[in-house]
Amino acid sequence: MFYHSKELHFKARVSRPDARFASLMLEQFGGGNGELSASMQYFVQAFACHNPYPDKYDMLMDIAAEELGHLEIVGATIQMLLAGVNGNMKDAVETNDVFGEKFCKDDFIHSAFCVNPQFGTISAGGPMLVNSAGAPWQATYINANGDLTVDLRSNLASESRAKIVYEYLMQFTDDKWVLDTLNYLMTREVAHYQQFEAALCTIRPNFPPGVLQSDPRYSNLYSNHSAGCEGSADTTSAPWCKGESTQLHEQWQYVDNPREQVLATDGLTELKVTGSDRTLASVRTADRKLARERSGEIRRAVTGEGAQEWCDYERQPGRTKRQPVEQH
């Protein structure tokens, strides 16, 4: 159940129209890293969580709903930045207190169409579900893989990208009220990142993503596939190819000549485990154990193969079993 409140979550304001910045703001309305993309991604991801992980279902739906509110803030800001383009205002007087002194709407409308012709030919001065280049929003922006450890990591990346887009947008306007709105939206991306990170930490183990634990023969190899010129950077002592790996805590094995390794090990099929306490047998055992655990969580949460209900309304607060609902 969704409920729309007419009040915006944040007090969105603009000091003056700005068609050029309105066009840039479309990136967060109908772009790949925008608010609609975030809302739909978390909304779709939530369904797989409903029964086995109801707390994660609530979190994803709550943030999805908040992102829809952010979409409304962005859309309202775009609409205000395009004030004077919309046909509803064409009957107003030539100058208006909204625009300040001696603002010529004809000139502004002309400039808006030059910035983005779709403002005149399609939307009549309103926001559109396109990005700043005019490409329409598409469902391929959405990442939902049905595994929480994968989906939550996708969300960390999504929030990171959305945050940096807002950060970039803030460099293209000097409107203090618009900057206030962008700052709020940018900060909420940081908050959501931390919430998704906290949710990921409640799932143990959560690395590697998914169930299968990875092959210890190949999990700690760094292969040198670069032939640098004289004086190029030496990466042989970098922490991604020497020392202990961050998650599996294995010792990185630097392979200076991958081709020689491939030829010497029959295409890596005869490669021995090096730098890891894990063995192929221990990995298979861990795979089976985690598969039983994860599949069991889901199966226990599903009522069976017969009729199912998404919600148990009789258990909702304020209602007793089979309590009739009055109709008016």
Side-chain angles (χ1 to χ4, degrees), residues 1-18 21-47 49 54-83 86 98 123 125-132 137 141-144 151-152 154-199:
M1 181 186 298
F2 290 89
Y3 177 85
H4 178 256
S5 176
K6 296 179 181 179
E7 298 83 14
L8 294 179
H9 205 168
F10 182 83
K11 188 176 182 178
R13 299 175 290 175
V14 304
S15 300
R16 61 191 179 280
D18 186 344
F21 193 70
S23 188
L24 292 179
M25 281 284 287
L26 286 173
E27 196 63 41
Q28 291 302 77
F29 196 73
N33 300 310
E35 301 294 352
L36 179 63
S37 297
S39 179
M40 289 298 97
Q41 178 159 306
Y42 310 152
F43 182 77
V44 173
Q45 289 175 353
F47 288 97
C49 303
D55 56 336
K56 312 299 191 305
Y57 175 84
D58 287 349
M59 178 198 67
L60 287 166
M61 282 295 186
D62 285 343
I63 298 179
E66 183 182 347
E67 301 287 18
L68 275 181
H70 292 175
L71 182 71
E72 186 176 16
I73 292 171
V74 172
T77 301
I78 293 171
Q79 187 70 55
M80 289 186 288
L81 289 168
L82 292 171
N86 190 285
V98 174
S123 71
M128 301 162 288
L129 283 178
V130 298
N131 64 15
S132 57
W137 186 88
Y141 295 151
I142 305 307
N143 291 293
D151 285 346
L152 289 172
S154 293
N155 297 349
L156 294 176
S158 295
E159 295 294 331
S160 299
R161 290 192 295 267
K163 191 266 184 185
I164 202 65
V165 172
Y166 280 122
E167 191 170 322
Y168 292 154
L169 283 171
M170 293 172 75
Q171 301 180 45
F172 290 92
T173 182
D174 58 1
D175 188 319
K176 64 178 183 179
W177 287 345
V178 174
L179 285 170
D180 283 346
T181 298
L182 296 176
N183 177 67
Y184 166 75
L185 294 170
M186 180 196 71
T187 301
R188 290 307 297 163
E189 311 296 351
V190 176
H192 293 161
Y193 181 102
Q194 295 176 95
Q195 290 166 341
F196 289 133
E197 187 177 42

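Predicted model only: the values in this text are computed from it and were never measured.
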Run the numbers on Val74 and Leu185 for side chain to side chain contact (heavy atoms under 4.5 Å, CB included), then give the verdict. CA-CA 9 Å; Val74 172; Leu185 294 170; 3.8 Å; yes
Could you walk me through whether Trp177 and Val14 pass the side chain to side chain contact (heavy atoms under 4.5 Å, CB included) test, one step at a time? CA-CA 5 Å; Trp177 287 345; Val14 304; 5.7 Å; no
Please determine whether side chain to side chain contact (heavy atoms under 4.5 Å, CB included) holds for the pair Leu129 and Phe29, giving the CA-CA distance in whole Å, both sets of side-chain angles, and the decisive distance to 0.1 Å. CA-CA 6 Å; Leu129 283 178; Phe29 196 73; 3.7 Å; yes
After noting the C-alpha distance and the side-chain angles of Leu60 and Asn155, does the key distance pass the side chain to side chain contact (heavy atoms under 4.5 Å, CB included) rule? CA-CA 10 Å; Leu60 287 166; Asn155 297 349; 3.8 Å; yes
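For the residue pair Thr77 and Ala12, the shortest heavy atom distance occurs at OG1-CB, 3.9 Å. Here the closest non-hydrogen pair linking Leu36 and Leu71 is N-CD1, 3.8 Å. Nearest heavy-atom pair, Leu156 versus Glu197, reported as atom, atom and distance to 0.1 Å: CD2-N, 3.7 Å. When every heavy atom of Ala64 is checked against every heavy atom of Tyr42, the shortest pair comes out as CB-CB, 3.9 Å. The shortest non-hydrogen separation linking Ser37 to Ile142 is O-CD1, 3.3 Å. Closest approach of Gly32 to Glu27, counting heavy atoms only: N-OE2, 4.3 Å.
Counting only N and O atoms by type, the side chains of Ser158 and Gln41 include a donor and acceptor under 3.5 Å apart.
Within a 6.0 Å radius of OH in Tyr168, no more than 12 heavy atoms belonging to other residues, nucleotides or ligands are found.
For Thr187 (side chain) and Asn183 (main-chain N/O), a donor-acceptor pair under 3.5 Å exists by modelled atom type. Gln45 contributes a side-chain N or O that, together with a main-chain N or O of Asn143, makes up a donor-acceptor pair within less than 3.5 Å.
Here OH of Tyr184 is found 10.0 Å from CG of Leu8. Values are rounded to the nearest 0.5 Å. Here Met25 contributes atom CE and Ile73 contributes atom CD1; the two are 9.5 Å apart, rounded to the nearest 0.5 Å. Atoms CG and CG, on Leu169 and Leu24 in that order, are 6.5 Å from each other to the nearest 0.5 Å. In this structure, Tyr166 OH and Leu179 CG are separated by 13.5 Å, a value rounded to the nearest 0.5 Å. Here CD of Glu72 is found 12.0 Å from OG of Ser39. Values are rounded to the nearest 0.5 Å. For the atom pair CD of Glu189 and CG of Asn33, the computed distance is 9.5 Å after rounding to the nearest 0.5 Å.
Look at Glu167 and Lys163 and you find a salt bridge, because one of the NZ, NE, NH1 or NH2 atoms lies within 4.0 Å of a carboxylate O, short of that distance.
Sorted by first then second residue, the side-chain hydrogen bond (donor to acceptor under 3.5 Å, both in side chains) pairs that include residues 55-71, not counting sequence neighbours, are Lys56-Thr202, Tyr57-Trp310, Glu66-His70, Glu66-Arg188, Glu66-His192, Glu67-His70, Glu67-His192.
Here the side chains of Ile63 and Phe196 are in contact, with some heavy-atom distance below 4.5 Å.
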